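Working notes, beginning with the structure itself.
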Amino acid sequence: MLLFAAGFPAAEVLLATWGPIALITVRIIACCALMVTIWWAFEGFSAMRKAPWLRGGVIGALGFGTGTILILVAQDMTDAVTAALVAASMPVSAVALEVALDGRRLNKYFVGGLALVLTGGFIATGADLGDARFGLGAALGLLATVLFTWGSRAAVKNLPTSTGLAQATVTMIGAMLFCVA
């Protein structure tokens, strides 16, 4: 969470000289290079060859590729604080998807856990509601969190025979190809 949160102020500095799509494309290429190396080292080339590339690539492109572009465009339109606040709302998107798509029922323990997760996200990002700017940029950021959440859910539900490392790497490669395109 700390590394994730540190990405917002770093992106704020880089967005002064980079366009959001170029910046996210370079970031995701570096991410994929590291993930492929780790995946190959832990699971080998045969696991990589057998991976569900097409399905995982589509999930990655729609969920993570579109989401990463939107969150950085949102930050470019607003600021790092607003983007971090929006990203910290991701558990709300996860709950909404579970309720809508999986029939999850809310109870006091689940809602309490959600409140703790949101509080932790706000603390980790150093977000201050008074510094946030809401508008179209924040709306794009909220859409990005829904897409990230959907992508995570879709990877787990649609790639059940793959390891978590394979799911993450294949979907990130799909996101990378989307961003490069």
Side-chain angles (χ1 to χ4, degrees), residues 1-12 24 27-28 31 34-35 38-39 42 52 55-56 58-75 77-172 174-175:
M1 188 66 165
L2 186 60
L3 290 174
F4 177 73
F8 290 105
E12 190 75 13
I24 200 61
R27 285 172 60 178
I28 204 163
C31 167
L34 178 62
M35 290 179 77
I38 292 169
W39 187 24
F42 281 91
R55 180 175 281 171
V58 170
I59 292 168
L62 294 175
F64 303 119
T66 306
T68 54
I69 287 174
L70 286 178
I71 196 72
L72 211 53
V73 168
Q75 182 171 344
M77 291 175 72
T78 59
D79 54 40
V81 172
T82 303
L85 281 170
V86 167
S89 74
M90 199 172 301
V92 175
S93 297
V95 168
L97 285 177
E98 282 191 34
V99 169
L101 302 176
D102 297 331
R104 176 84 178 219
R105 298 189 83 77
L106 299 178
N107 63 43
K108 64 182 178 182
Y109 300 109
F110 191 75
V111 172
L114 179 62
L116 289 172
V117 166
L118 286 172
T119 302
F122 289 132
I123 291 169
T125 60
D128 178 4
L129 286 171
D131 292 339
R133 294 185 310 197
F134 296 97
L136 179 59
L140 289 175
L142 288 172
L143 177 57
T145 65
V146 171
L147 288 167
F148 287 139
T149 305
W150 173 85
S152 296
R153 180 185 179 280
V156 170
K157 294 244 181 215
N158 295 300
L159 309 173
T161 59
S162 299
T163 64
L165 183 56
Q167 290 173 355
T169 306
V170 169
T171 57
M172 280 300 110

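Position 1 is the first residue of the sequence; numbering continues from there. Treat the numbers as computed from the prediction; the structure is a model and nothing was measured.
Scanning both residues, A74 and G141, for their nearest heavy atoms gives CB-N, 3.6 Å. Taking each heavy atom of T149 and A94 in turn, the nearest pair found is CG2-CA, 3.2 Å. Closest of all the heavy-atom pairs between E12 and D79 is OE1-C, 3.7 Å. Across every non-hydrogen atom of G65 and A175, the tightest pair is N-CB, 3.4 Å. Of all the heavy atoms in A155 and T171, the pair that sits closest is CB-CG2, 4.1 Å.
Contacts classified as salt bridge (charged side-chain N to carboxylate O under 4.0 Å, His left out) and involving residues 137-147 (residues at least two apart or in different chains) are not found.
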Give the table of side-chain donor-acceptor pairs shorter than 3.5 Å for residues 95-106, with sequence neighbours excluded, one pair per line with atom names and distance.
from, atom 1, to, atom 2, distance (Å)
E98, OE1, R104, NH1, 3.2
D102, OD1, R153, NH2, 2.5
D102, OD2, R153, NE, 3.4

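For A154, the side-chain contact (heavy atoms from CB on, under 4.5 Å) partners two or more places apart in sequence, or in a different chain, are I59, W150, N158. Remark: V73 engages P20, I69, M77, L140 in a side-chain contact (heavy atoms from CB on, under 4.5 Å) (not counting sequence neighbours). With sequence neighbours excluded, the residues forming a side-chain contact (heavy atoms from CB on, under 4.5 Å) with L147 are T66, L70, L143, listed by chain and number. Residues meeting the side-chain contact (heavy atoms from CB on, under 4.5 Å) test with S162, sequence neighbours left out: P52, L159, A166, Q167.
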Could you go through S93 and F148, starting from their C-alpha distance and side-chain angles, then the distance that decides it, and tell me whether this counts as side chain to side chain contact (heavy atoms under 4.5 Å, CB included)? CA-CA 9 Å; S93 297; F148 287 139; over 6 Å; no
Apply the test side chain to side chain contact (heavy atoms under 4.5 Å, CB included) to residues I38 and M35: give CA-CA distance (whole Å), side-chain angles for both, the deciding distance (0.1 Å), then the verdict. CA-CA 5 Å; I38 292 169; M35 290 179 77; 5.8 Å; no
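Rounding to the nearest 0.5 Å gives a distance of 9.5 Å between CD1 of I71 and CD1 of I24.
You'll find the side chain of V170 reaches within 4.5 Å of the side chain of W39, heavy atoms only.
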